[in-house]
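Order of the sequence lines sets the chain letters (A, B, ...), proteins ahead of strands, with each chain counted from 1. Given the structure is predicted, the values throughout are model-derived calculations rather than measurements.
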Amino acid sequence: MNHWLFKSEPDEYSIDDLKAEPRRTGRWDGIRNYQARNFLRDKVAVGDGVLFYHSACKIPAVVGAAKVVRAAYPDPAQFDPESKYFDPKATRDKPRWFCVDIQWQSQFAHPVPLKVIKQDPALEEMVLVRQGRLSIQPVTEQEWRRIEKLGNG
DNA sequence: GCCAACGTTGGC
DNA sequence: GCCAACGTTGGC
């Protein structure tokens with residue numbers, strides 16, 4: 001089982017929105033960045049753990065955990081001319097963008113702010129710290145455990 | 001809202 | 001096939 005960190009702008013889709021979905025399960029769509037797409041399409045698997053991160057907000061932070069319940073399938077929004085995620089170059093035969101389904105697992109007692117993560121020597125190798133702008137990224141098991149400890153400790 | 005990092009696109 | 005322009009992301 002692998003571990004991941006997924007970023008979302010809480011104004012767009014927060015962890016509370018995920019929790020409010022039927023069966024607490026939502027589609028992780030709208031990814032339009034190739035590095036993120038490749039992780040999503042090629043590596044993210046059912047059962048993998050997901051750290052839910054709130055970005056582009058007042059206090060960017062890891063706020064809880066989810067798990068992958070459906071592996072990659074073509075993001076329907078790319079075919080929808082009405083959608084802001086519409087991509088005229090994507091076809092049903094050759095979809096360009098993918099999505100997965102994730103299920104809410106837990107909310108941290110204390111969100112773990114980016115600021116705290118950046119100051120933690122145990123987390124200095126995190127992709128979140130090393131490469132800022134990537135909305136789907138791998139997390140090591142050690143990093144996962146450390147974040148959970150900070151969030152629930 | 002600025003702008004830096006990164007990847008893709010497309011003119012030549 | 002080089003590389004400048006462009007799009008996306010996201011902290012500040």
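A/K115 comes within 4.0 angstrom of nothing in the nucleic acid, heavy atoms only. If you check every strand for non-hydrogen atoms under 4.0 Å, A/R96 touches sugar and phosphate atoms only. Within the 4.0 angstrom heavy-atom criterion, no nucleotide atom of any strand lies near A/K58.
Checked against the 6.0 Å centroid criterion, the rings of A/Y85 and A/W97 do not qualify as a close aromatic pair. Proximity of the aromatic rings of A/F98 and A/W28 is defined here by a centroid distance below 6.0 angstrom, and this criterion is not met.
The existence of a salt bridge linking A/E12 and A/K84 is confirmed by a sub-4.0 Å separation between a basic side-chain nitrogen and an acidic carboxylate oxygen.
Under a 3.5 Å cut-off, the side chain of A/S14 and the backbone N or O of A/D16 do form a donor-acceptor pair. Not one N or O on the side chain of A/H3 forms a donor-acceptor pair closer than 3.5 Å with the backbone of A/R145.
Protein chain A contacts DNA chain B over a range whose 5' and 3' limits, counting nucleotides with an atom under 4.0 angstrom from a non-hydrogen atom, are B/dA4 to B/dG10.
Residue order along DNA chain B, read from the 5' end via each residue's closest nucleotide, puts A/R133 first among A/R37 and A/R133.
Judged by the 6.0 Å and 45° rule, A/R92 forms a cation-pi pair with A/F79.
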